[in-house]
Amino acid sequence: MTYAAPRMAPIKPSPSAMASRRARELVAAGRDVISLSLGDPDFPTPDNVIAAAIRAMERGETKYTDPDGTPRLKAAVREKFRRENGLDFTLDQIVVSAGAKQVIFYAMLATVAPGDEVIIPAPYWVSYPDMAMIADGVPVRVTCPQNNGFRLRPEDLDAAITPRTRWLLLNSPNNPSGAGYTAADLEALAEVLRRHPRVLLLSDDIYEHIVYDDFRFATMVGVAPDLADRVLTVNGVSKTYSMTGWRIGFGAGPRDLVRTMVALQSQGASNPCSISQAAALEALSGPQDVVAERRAILERRRDLVADRLDRCPGLSCHRPQGAFYVYPSCAGVISRRTPDGTVIGTDQDFALYLLDAADVAVVPGSAYGLSPHIRVDFSGAPERLEEACERIDRACRALA
Ligand code: PLP
């Protein structure tokens, strides 16, 4: 018996979730595996946010809400965009969903016609191609190698656009590379988009507040307001406020686009969780100190991991401008032999070797469309990060 519809054929479960699950299984079986595969810092959700959720439940905010989110949360989202990005949206330009992930998914379903192309700079967040394909679109992957700072160059964008192009999905700071686009980088891409008026841009800003050194976050509508009628700006509370499990994200963009996405949400989910919406309202409008504190902690963890991995023989690790991943090249271990004589042919082989021989779980670059690399999440506890780096180093040194 086959259950899956034909459109499900190319769809696979998220590789990072699979890698984390495998690591959890090994831990349950008694192995001391360190998982650097998920992308979920060890910080708790702030106390004021949890208290707001409890109060909301006690007040009876446990019923259906408006399908696009509660008016109070949407007003807080509007204020966030004004305060942090200098952007002005009306409430009917904003939709709140169960995570940025669902916002992006609805955007694809709402706009992509069969055969429409979705440009995805690689390396990319694993879900983008699958979302485009579920919407009957065609992902067009554009390689952005390490020597271009993992960033999409205007000439590469120009070359990728065809009459079928519907979207460019841009994510800065980027998962998995940590690359950030400056205002000047975005302006150069805007220049290309101006020549192609049918192309929409999705600006995935979920790591906006997780930026390092002197990198200044910028978003497309702020840089190129003339493109506002074809940009969907996506953000959420998951990463900024350590609220990944609460599932609240939001999108802001052209009224007609948002209206279609809300119609979809009203049929598919009715509304995002009422209690999580109350929690997100507090996160966005309450004290913000936690954001800078956690950013500073993550910056120290980035320094620790990037420097240490760069010294491992066979790896070459850059310093990301944001997010909480490094994406070192592992070109130097390809074709080498493990102690049991297996030849490492791909980054997938290398990730497997690290799991089997070093008890460290990382995700191979093949999952993100750019090989040979591994993605290492550095958002965990520093002692474990140090131990994991030591293990990776020993595993690299054991190769012949
Ligand atoms: N976009 C990117 C680039 C991400 O890495 C993630 C989560 O890992 C998301 C979106 C989804 O975030 P949310 O938890 O808000 O659905």
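Just so you know, ligand 1 is whichever comes first in the structure, and atom 1 is the first atom listed for that ligand. Values in this document were obtained by computation on a predicted structure and should not be read as measured data.
- Remark: ligand 1 and S238 share an N or O pair separated by less than 3.5 Å (distance only, no angle test).
- Remark: of the listed residues T233, L168, L189, L189 is the sole one forming a side-chain contact (heavy atoms from CB on, under 4.5 Å) with M220.
- Scanning the protein for heavy atoms near atom 16 (O) of ligand 1, the closest one is R247 NH2, 2.7 Å.
- Looking only at protein heavy atoms, the nearest one to atom 1 (N) of ligand 1 is D204 OD2, 2.6 Å.
- Residue contacts with ligand 1 include A100, since one or more of its heavy atoms lies under 4.0 Å from the ligand.
- Atom 11 (C) of ligand 1 has W125 CH2, 3.6 Å as its closest protein atom, hydrogens excluded (heavy atom only).
- Against a heavy-atom cut-off of under 4.0 Å, Y207 is close to the following atoms of ligand 1: 3 (C), 4 (C), 5 (O), 8 (O).
- Ligand 1 has no nitrogen or oxygen under 3.5 angstrom from a nitrogen or oxygen of Q102.
- The protein heavy atom nearest to atom 7 (C) of ligand 1 is K239 NZ, 3.1 Å.
- Counting non-hydrogen atoms of other residues, nucleotides and ligands closer than 6.0 Å to CZ of R216 gives a total of 12 or fewer.
- Across D226, L186, V199, a single residue satisfies side-chain contact (heavy atoms from CB on, under 4.5 Å) together with L193, and that is V199.
- One side chain, R375 or N175, offers a donor N or O that lies under 3.5 Å from an acceptor on the other.
- The shortest N/O to N/O separation between T244 and ligand 1 does not fall below 3.5 Å.
- No more than 12 heavy atoms of other residues, nucleotides or ligands lie within 6.0 Å of CG in D47, so this atom counts as exposed by the packing criterion.
- Side chain of T338 to backbone of T342: a donor-acceptor contact under 3.5 angstrom is found.
- Ligand 1 has no N or O atom lying under 3.5 Å from any N or O atom of N171, backbone or side chain.
- Within a 6.0 Å sphere centred on CZ of R7, other residues, nucleotides and ligands contribute 12 heavy atoms or fewer.
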